[in-house]
Colleague: 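This is the structure I have questions about; it appears just below.
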Amino acid sequence: MLKVNNIDVYYDKVQALFGVSIEVHQNEVISIIGSNGAGKSTLMKTIMGLNNAKKGTIEFEGERIDTVKAHSIVGKGIVYVPEGREIFPDMSVIENLEMGAFSKNYTKEQMNQKMQEAYDLFPRLYERRNQLAGTMSGGEQQMLAISRGLMSDPKLIMFDEPSLGLAPVLVDEMFEAIVRINKEKKKTVIIVEQNAFMAISISDRCYVLRNGLVTMEGESKELLGNDEVNKSYLGG
Ligand SMILES: Nc1ncnc2c1ncn2[C@@H]1O[C@H](COP(=O)(O)OP(=O)(O)O)[C@@H](O)[C@H]1O
Ligand SMILES: [Mg+2]
């Protein structure tokens with residue numbers, strides 16, 4: 001479904017990704033783990049068209065997307081739920097959700113149905129639907145960011161550190177929601193995390209990024225038993 005092939009990405013003269021390749025199949029959950037500064041967000045943003053690859057290609061459903069602008073990439077069925085949420089703080093929950101559907105020409109009925117799906121996934125959002133997003137807790141804002149991403153009915157959804165800064169009970173809720181998004185809503189998922197154990201646990205396959213390089217890849221259950229992964233990322 002998605003093929004990132006040997007990309008190099010730079011910020012000015014500083015190289016952030018070195019020949020990175022990843023492949024994602026339909027309905028998979030892929031985790032990308034790595035410490036702070038490894039290049040995880042850079043990779044997501046490059047897939048999304050927010051950074052340019054100087055070398056290499058990115059294909060989505062057989063079509064090159066590395067030359068396509070970010071807003072048209074949303075139209076092709078990829079969304080990115082960024083690190084730090086980036087919801088619109090001065091808009092209500094409902095207005096934020098509507099913004100997530102900008103690439104679609106939904107009828108009022110379709111819009112209502114997508115909203116209902118968001119409320120089914122996170123009932124808390126329904127209770128707070130008229131509240132300004134900026135006044136909600138971090139966990140609620142994360143729920144909103146995820147739901148906003150789903151409003152355009154993407155085929156592939158990328159989560160950048162969804163558990164960052166959340167209380168443990170909310171971390172579990174967030175990972176459960178991501179599993180439901182994959183299993184019930186049939187979305188292909190890429191999840192980027194420093195919380196490696198959780199991310200590996202819910203994913204089919206995993207890539208390890210280190211200093212802008214893919215240093216390891218494989219079936220998640222195999223990586224969970226790998227000594228180096230254990231030592232570097234799982235505190236084992
Ligand atoms: N906008 C930017 N300008 C310059 N350097 C950046 C920018 N964003 C990220 N970097 C650098 O690129 C590298 C990878 O960063 P990032 O992709 O954010 O890592 P991660 O998400 O894994 O923590 C880091 O060295 C970081 O300092
Ligand atoms: Mg990051």
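Below, all heavy atoms of this structure are taken into account, side chains as well, without hydrogens, waters or symmetry copies. Both counts, for ligands and for their atoms, begin at 1 and track the order of listing.
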Colleague: Would you say atom 13 (C) of ligand 1 makes contact with the protein, given that contact here means a non-hydrogen protein atom less than 4.0 Å away?
Modeller: yes
Colleague: Using the ring of Tyr10 (Phe, Tyr or Trp, six-membered ring only), decide whether Lys54 places NZ or CZ under 6.0 Å from its centre and within 45 degrees of its axis.
Modeller: yes
Colleague: Identify the closest protein heavy atom to atom 10 (N) of ligand 1: which residue and atom is it, and at what distance?
Modeller: Tyr11 CE1, 3.3 Å
Colleague: Is it true that a side-chain atom of Asn51 and a backbone atom of Lys45 form a donor plus acceptor pair closer than 3.5 Å?
Modeller: no
Colleague: Counting distance only, does the side-chain N/O of Arg148 pair as donor-acceptor with the main-chain N or O of Val81 below 3.5 Å?
Modeller: no
Colleague: List every atom of ligand 1 that sits less than 4.0 Å from any heavy atom of Ser41, numbering the atoms from 1 in the order shown and giving each element.
Modeller: 17 (O), 18 (O), 20 (P), 21 (O)
Colleague: Hey, is ligand 1 close enough to Lys40 that some N/O pair sits below 3.5 Å?
Modeller: yes
Colleague: Where the side chain of Glu127 meets the backbone of Arg124, is there a donor-acceptor pair that is under 3.5 Å apart?
Modeller: no
Colleague: Decide, counting backbone as well as side-chain atoms, whether Asn36 has an N, O or S atom less than 2.8 Å from the Mg ion (ligand 2).
Modeller: no
Colleague: Between Phe122 and Ser147, which heavy-atom pair has the shortest distance, and what is it?
Modeller: CD1-OG, 3.3 Å
Colleague: Can you tell me how far the CD1 atom of Ile87 sits from the CD atom of Gln141, to the nearest 0.5 Å?
Modeller: 4.0 Å
Colleague: Among all protein heavy atoms, pick the one closest to atom 23 (O) of ligand 1 and tell me residue, atom and distance.
Modeller: Gly37 N, 2.7 Å
Colleague: Got a salt bridge between Glu61 and Lys76, using NZ or NE/NH1/NH2 to carboxylate O under 4.0 Å?
Modeller: no
Colleague: Would you indicate which of Leu209, Thr42, Asp12, Asn51 comes nearest to atom 15 (O) of ligand 1 when only heavy atoms are counted?
Modeller: Thr42
Colleague: With a cut-off of 4.0 Å, which atoms of ligand 1 are near a heavy atom of Asn36?
Modeller: 23 (O)
Colleague: Is any N or O atom of Gly39, backbone or side chain, closer than 3.5 Å to an N or O atom of ligand 1?
Modeller: yes
Colleague: State the atom name: nearest N, O or S atom of Glu83 to the Mg ion (ligand 2).
Modeller: OE1
Colleague: Considering only protein heavy atoms, determine whether one is less than 4.0 Å from atom 17 (O) of ligand 1.
Modeller: yes
Colleague: For ligand 1, does Ala16 get within less than 4.0 Å through its side chain, its backbone, both, or neither, judged by non-hydrogen atoms?
Modeller: side chain
Colleague: Judged by non-hydrogen atoms, does Gly34 sit under 4.0 Å from ligand 1?
Modeller: no
Colleague: Answer yes or no: is there a side-chain heavy-atom contact under 4.5 Å between Asp153 and Tyr106?
Modeller: yes
Colleague: Can you see whether Asn27 engages Thr188 through a side-chain donor-acceptor pair at a distance of less than 3.5 angstrom?
Modeller: no
Colleague: Are any of the heavy atoms in Ser35 under 4.0 Å away from ligand 1?
Modeller: yes
